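Everything numeric here is computed off the predicted structure, so don't read it as measured data.
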Amino acid sequence: MRTSLLTLVTTAVVAFSAVFTAHAEEEGFTQLFDGKTLTNWKKATENPDAWKVEDGMLVCAGERCHLFYSGPLAPFKNFHFKADVKTTPGSNAGIYFHTKYQETGWPKFGYECQVNITHKDPKKTSSLYGVENIADPGLKDNQWYTQEIIVKDRNIKLIVNGKVMVDYTEPENKPAFDKNFERRLGEGTFGLQAHDPKSVVYFKNLRVKPLK
């Protein structure tokens, strides 16, 4: 009887510790997606059917369309962002930050964190697209991974499942990449990318914590 009681108490303590640890790790984070609707999100006007909400997830499947966070927490400058992401074979998508709403086209402002495990584009998941590119993130399609983006002043960290993939500091007075893509820090919002009809990608548990 004593052994059973001790086991029960030990199990309860371990469970409480796990819950406490998880809570502590997420302290200060706010959910950006309610899991049910597109409240606080705004679709680009081109191909809006490419985005839908399904079983607590944001799902992209269709022609190019970007989905921008438009809620009261924006604009973001220094922040810690997290999202759970799952790709399907041959898919391409992206997570933009420090960007601005656009009705059409590829977002001009901010940077893109690439989402791509087996698409033909050699810039793979957690690349800082066109700036510091990752060839092999060590991930598989049809499996969830956690993507983190941390921006602090001029430093950008892109992290996958706890592993730092990119640690980039933007040079002072960096010029725009070209006339189509700024690829510079400032402030702005987040944008999720639907890339093409063959790319089906899932996002959930999007959350952010402002940093000073």
Side-chain angles (χ1 to χ4, degrees), residues 32-33 38 41-69 81-149 151 156-161 163-166 168 177-184 188-206:
L32 298 176
F33 167 54
L38 289 177
W41 292 84
K42 186 177 181 181
K43 297 179 185 181
T45 57
E46 59 177 356
N47 310 308
D49 290 342
W51 282 101
K52 63 181 179 179
V53 177
E54 182 179 279
D55 298 328
M57 302 175 292
L58 290 167
V59 184
C60 62
E63 295 285 356
R64 181 181 67 188
C65 182
H66 292 83
L67 180 66
F68 298 87
Y69 175 77
F81 170 90
K82 297 182 183 183
D84 298 329
V85 184
K86 183 172 68 173
T87 60
T88 56
S91 292
N92 192 330
I95 304 169
Y96 286 83
F97 55 98
H98 278 211
T99 194
K100 300 178 182 180
Y101 176 78
Q102 281 183 215
E103 291 193 344
T104 62
W106 308 108
K108 176 179 179 178
F109 297 99
Y111 286 94
E112 179 188 0
C113 174
Q114 173 75 310
V115 174
N116 163 26
I117 296 175
T118 57
H119 185 271
K120 63 183 179 180
D121 189 333
K123 302 175 183 65
K124 303 302 183 182
T125 281
S126 210
S127 293
L128 187 62
Y129 200 94
V131 179
E132 286 197 9
N133 299 312
I134 301 299
D136 182 9
L139 301 170
K140 295 181 179 181
D141 289 316
N142 295 318
Q143 294 183 4
W144 288 101
Y145 68 88
T146 299
Q147 178 70 63
E148 298 179 59
I149 303 170
V151 174
I156 300 169
K157 288 185 176 66
L158 303 183
I159 304 167
V160 168
N161 292 342
K163 181 179 179 181
V164 176
M165 309 298 289
V166 170
Y168 171 76
F177 182 79
D178 61 27
K179 66 178 182 178
N180 297 312
F181 300 105
E182 285 276 328
R183 291 179 183 157
R184 290 190 292 190
T189 192
F190 298 106
L192 305 179
Q193 180 186 89
H195 189 274
D196 64 77
K198 296 181 180 180
S199 293
V200 181
V201 180
Y202 303 86
F203 299 87
K204 67 178 182 180
N205 204 18
L206 292 84

Single hit among Asp141, Thr88, Thr125 for side-chain hydrogen bond (donor to acceptor under 3.5 Å, both in side chains) with Thr118:
Asp141
Scan residues 54-64 for pairs that pass salt bridge (Lys or Arg N to Asp or Glu O under 4.0 Å), counting only residues two or more places apart or in two chains.
Glu46-Arg64, Lys52-Glu54
Inter-residue atom distance Ile95.CD1 - Leu206.CG, 0.5 Å rounding
7.0 Å
Heavy-atom pair with the smallest gap, counting every atom of Asp136 and Met165:
O-CE, 4.4 Å
Under the side chain to side chain contact (heavy atoms under 4.5 Å, CB included) rule, what do Tyr202 and Trp144 come out as? Steps first, then yes or no, please.
CA-CA 9 Å; Tyr202 303 86; Trp144 288 101; 3.6 Å; yes
Give a yes or no answer on whether the side chain of Asn116 reaches the backbone of Lys123 with a donor-acceptor pair at less than 3.5 Å.
yes
Kindly say whether Val200 contributes a backbone atom to a donor-acceptor pair with the side chain of Ser91 at under 3.5 angstrom?
yes
Compare every heavy atom of Cys65 with every heavy atom of Ala44, then report the nearest pair and how far apart it is.
O-SG, 3.8 Å
Donor-acceptor under 3.5 Å (Lys42 side chain, Tyr101 main chain)
no
Step-by-step side chain to side chain contact (heavy atoms under 4.5 Å, CB included) determination, Gln147 to Leu158:
CA-CA 7 Å; Gln147 178 70 63; Leu158 303 183; 4.0 Å; yes
From Leu38 CG over to Leu58 CG, what is the distance, rounded to the nearest 0.5 angstrom?
6.5 Å
Considering all heavy atoms, the nearest Phe181-Pro107 contact
CD2-O, 3.5 Å
Output the distance between atom NE2 (His66) and atom CG (Asn47), rounded to the nearest 0.5 Å.
11.0 Å
Under the side chain to side chain contact (heavy atoms under 4.5 Å, CB included) rule, what do Tyr111 and Tyr168 come out as? Steps first, then yes or no, please.
CA-CA 12 Å; Tyr111 286 94; Tyr168 171 76; 3.8 Å; yes
Under the salt bridge (charged side-chain N to carboxylate O under 4.0 Å, His left out) test, which residues partner Asp84, sequence neighbours left out?
Arg207
Got a second to check how far Thr146's OG1 is from Lys82's NZ, nearest 0.5 Å?
8.0 Å
Can you list the steps and then say if Gln193 with Trp106 is a side chain to side chain contact (heavy atoms under 4.5 Å, CB included)?
CA-CA 9 Å; Gln193 180 186 89; Trp106 308 108; 3.5 Å; yes
Note, Asp121 side chain near Tyr129 side chain (heavy atom, < 4.5 Å):
yes
For Glu148, enumerate each residue passing the salt bridge (charged side-chain N to carboxylate O under 4.0 Å, His left out) test, keeping only those at least two apart in sequence or located in another chain.
none
Would a distance-only check, ignoring hydrogens and angles, find a side-chain to backbone donor-acceptor pair under 3.5 Å from Ser199 to Asn92?
yes
If you look at every heavy atom in Phe177 and Gly130, which pair is closest and at what distance?
CE1-O, 4.0 Å
Which heavy atom of Lys108 sits nearest a heavy atom of Asn180, and at what distance?
CG-O, 3.2 Å
Report yes if some heavy atom in the side chain of Val115 is under 4.5 Å from a heavy atom in the side chain of Tyr145; otherwise report no.
yes
Taking every heavy atom of Ala93 against every heavy atom of Phe203, the minimum-distance pair comes out as CB-CZ, 4.2 Å
Out of Phe97, Phe81, Tyr96, which residue meets the ring-ring contact (aromatic ring centres under 6.0 Å, His included) rule with Phe190?
Phe81
Parallel, tilted or perpendicular, judged at 30° and 60°: which one describes the rings of His119 and His195?
perpendicular
Short question: side chain of Trp41, backbone of Leu67 - any donor-acceptor pair under 3.5 Å?
no
Rounded to the nearest 0.5 Å, how far apart are CE of Met57 and CG of Asn205?
12.5 Å
Quick one: OG on Ser126 to CD on Glu132, what's the gap to the nearest 0.5 Å?
10.5 Å
